[in-house]
There are 2 protein chains.
Amino acid sequence: MSPRPKFALDITTIIEAAGEIADQYGMQEVTLANLAKKLGIRPPSLYNHFDGLTGLRKKLAIYGIDKLYRRMADAAIGVSGTNAVIAVSQAYVNFARFHPGIYEATLLAPDPEDVEVQEAGAKIVDLTVRILQAYQLEGDHALHAVRGLRSILHGFSSLEQKGGFKMALDLDESLVIIIQAFLAGIGDGQ
Amino acid sequence: MSPRPKFALDITTIIEAAGEIADQYGMQEVTLANLAKKLGIRPPSLYNHFDGLTGLRKKLAIYGIDKLYRRMADAAIGVSGTNAVIAVSQAYVNFARFHPGIYEATLLAPDPEDVEVQEAGAKIVDLTVRILQAYQLEGDHALHAVRGLRSILHGFSSLEQKGGFKMALDLDESLVIIIQAFLAGIGDGQ
DNA sequence: CATTTTAACTAATGATGTTAGTTAAAGCAA
DNA sequence: TTGCTTTAACTAACATCATTAGTTAAAATG
């Protein structure tokens with residue numbers, strides 16, 4: 001492939017390829033060398049599309065956060081109350097299950113303070129706030145509850161992914177029971 | 001330093017040095033090059049003490065899990081019931097706060113299925129089981145509750161470390177409220 | 001049609017992990 | 001003490017990686 005080929009790669013194709021490598025082999029295999037090989041170009045050519053490995057990780061993180069948000073938002077359609085929280089929670093852990101590498105990328109943003117990364121993440125926080133509004137928590141309690149739900153979802157997904165749950169006990173059942181317990185508890189606390 | 005110096009390094013010194021690098025600069029800076037520099041030796045010499053970067057990560061993971069376990073076990077002395085769970089939880093998140101790199105290492109074991117890594121982690125699970133026994137959960141409910149508590153602790157610590165909690169709201173207060181809600185909920189569910 | 005832009009390329013550099021083989025001091029046994 | 005073995009350092013070399021600089025030719029633009 002000589003300079004300026006007929007069909008230049010676009011950034012979406014590249015990020016999707018990176019996501020496939022991540023899901024199949026893990027984020028540690030998302031290298032410029034591997035990505036270039038998969039795309040049939042040479043590593044330095046990638047610098048025309050993003051700013052090095054750091055830039056790639058940032059783009060992949062945002063791509064993943066957006067994708068996760070869409071799954072959660074979809075799951076929230078047409079449900080409310082406890083059902084909504086459970087549906088969104090299941091969407092979250094399923095995303096982490098079926099896209100382990102992309103989920104990993106989500107947490108590996110080079111700079112979590114980056115504006116674009118923040119904005120992507122804020123949508124998920126907002127969604128969580130909204131589905132917890134049904135519980136009519138007062139003041140700070142709503143914010144504490146959001147932190148709790150996010151902790152459960154991330155912790156559960158992360159531990160499941162890292163093989164942290166060894167017992168022969170249904171994982172989906174665990175999740176529902178955990179969420180129900182938490183929701184019952186934050187209701188009581190009022 | 002020529003071959004066979006008077007005072008050879010021992011593995012504990014080496015792992016502690018690696019832990020310091022991790023806590024100060026993050027796990028991505030725990031390289032054989034950086035570790036050798038800190039110890040005043042050349043990178044290949046490290047192969048006399050562990051099996052390459054993979055071996056170092058495994059040893060550091062076990063070192064971290066043991067250290068975390070001791071903090072949790074200490075916190076569990078002389079307390080029971082909800083107080084015990086809260087004390088242990090605070091010990092957990094404080095460990096992650098003051099040893100962010102070592103906590104990170106804890107999750108970066110090259111092979112989570114490794115026997116030694118499993119055994120180290122099992123002690124934490126056992127401790128969690130024991131402090132939840134006060135709640136007299138029946139059968140599988142106890143196991144689901146353990147998964148829930150671990151998810152909260154890991155998720156909370158991980159999100160806090162990655163700057164996931166942006167709101168100006170006291171973190172320690174959040175943790176206590178979250179734990180109390182969860183405990184109240186698993187009691188109800190019986 | 002001439003110019004500019006673009007997205008690929010080659011070549012080279014520095015950092016890393018790793019292996020192989022070497023060496024000299026410590027440890028130990030006769 | 002003497003002599004052998006073990007050990008923990010070393011140098012040298014290599015492969016892989018990210019990255020930079022400079023080049024090129026085709027597409028895009030006027």
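Just so we're clear, the structure is a prediction, and the values are computed from it rather than from any experiment. Chain letters run A, B, ... following the sequence lines, proteins first and then strands; every chain starts at 1.
Atom CG in A/Asn34 sits about 11 Å away from atom C1' in D/dT16, given to the nearest Å. Taking atom CZ of A/Phe50 as the reference point, atom P of D/dT20 lies 13 Å away to the nearest angstrom. When rounded to the nearest whole Å, the span between OH of A/Tyr47 and P of D/dA21 equals 11 Å. Atom NZ of B/Lys37 and atom P of C/dG17 are 11 Å apart (whole Å). Distance CD1 (A/Ile21) to P (D/dC17): 12 Å, rounded to an integer number of Å. If you take CD1 of B/Ile11 and P of D/dT7, they are 15 Å apart, rounded to a whole angstrom. In this structure, B/Leu46 places its CG atom 11 Å from C1' of D/dA9, rounding to the nearest Å. Atom CG of A/Leu32 is separated from atom C1' of D/dT20 by 13 Å (rounded to the nearest Å).
Centroid-to-centroid, the aromatic rings of A/Tyr103 and A/Tyr92 come within less than 6.0 Å.
Taking all atoms of both residues into account, the shortest heavy-atom contact from A/Glu104 to A/Met27 is OE1-N, 3.4 Å.
Of the inter-residue distances, the one linking A/Thr13 atom OG1 with A/Leu39 atom CG reads 8.0 Å to the nearest 0.5 angstrom.
For D/dA8, neither phosphate oxygen OP1 nor OP2 lies less than 4.0 angstrom from any side-chain nitrogen or oxygen of B/Ser45. Between C/dA8 and A/His49, a contact under 4.0 Å exists linking OP1 or OP2 to a side-chain N or O. Using a 4.0 Å cut-off, no side-chain N or O of A/Arg42 falls inside it from OP1 or OP2 of C/dA8.
The A/Asn48 side chain lies nearest to C/dA7 when the options are C/dG17, D/dT19, C/dA7. Listed nucleotides C/dG17, D/dT19, D/dA9 differ in distance to B/Ile41; the shortest reach to its side chain belongs to D/dA9. The side chain of A/Pro44 lies closest to D/dA21 when the candidates are C/dT19, D/dA21, C/dG17.
Ring geometry for A/His141 against A/His144 counts as perpendicular: the plane angle is over 60°, on a 0 to 90° scale with 30° as the lower cut.
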Quiz prompt | Verdict with reasoning, B/Lys58 to B/Asp111, per salt bridge (charged side-chain N to carboxylate O under 4.0 Å, His left out) | solution = CA-CA 8 Å; B/Lys58 174 183 158 180; B/Asp111 175 20; over 6 Å; no

